[in-house]
Amino acid sequence: MDEHFAVAAADNLIPFSGYLPNGLSEAEQKILTLRLSEDLEYVEIAKVINMTEIACRMQYSRARRHCAELLERQKNT
């Protein structure tokens, strides 16, 4: 994937991020959006947010878990 396209995708996160629950950090929103909405591979996301692929995978996993917890809390209120 063209790196300039990936950076542009990272800067245009508003449509999908509006569906994410309140309480996620900006970094969590960004990584979830790039993976789920933009369908980028971990290696591509890692380049966009300037981290290793392994760190990216871990951050994505934590963001998914946090998102699920927030959604569950919203469901129970």
Backbone N/O of Gln29 and side chain of Thr33: donor-acceptor pair under 3.5 Å: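 Present.
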
Side chain Glu28, main chain Ser25, donor-acceptor under 3.5 Å: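 Yes: the side chain of Glu28 pairs with the backbone of Ser25.
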
Using 0.5 Å steps for rounding, measure from the [atom1] atom of [X] to the [atom2] atom of [Y].
X	Y	atom1	atom2	answer
Glu44	Glu41	CD	CD	6.0 Å
Leu20	Ser37	CG	OG	9.0 Å
Asn22	Gln74	CG	CD	6.5 Å
Lys75	Leu70	NZ	CG	14.0 Å
Tyr42	Arg57	OH	CZ	5.5 Å
Met58	Ser61	CE	OG	6.5 Å

Whether over 12 other heavy atoms sit under 6.0 Å from Asn76 CG: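 More than 12 within 6.0 Å, yes.
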
Nearest heavy-atom neighbours spanning Ile45 and Cys56: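 Closest heavy-atom pair between Ile45 and Cys56: CG2-SG, 3.5 Å.
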
Step-by-step side-chain contact (heavy atoms from CB on, under 4.5 Å) determination, Ile31 to Ile49: CA-CA 8 Å; Ile31 201 164; Ile49 57 180; 4.0 Å; yes

Test item: Tyr60 and Leu32 side chains (from C-beta on) under 4.5 Å apart, heavy atoms: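 Touching, per the 4.5 Å side-chain cut-off.
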
Candidate pair Lys30 and Glu26, rule salt bridge (charged side-chain N to carboxylate O under 4.0 Å, His left out), full reasoning: CA-CA 6 Å; Lys30 188 175 212 176; Glu26 187 175 324; 5.9 Å; no

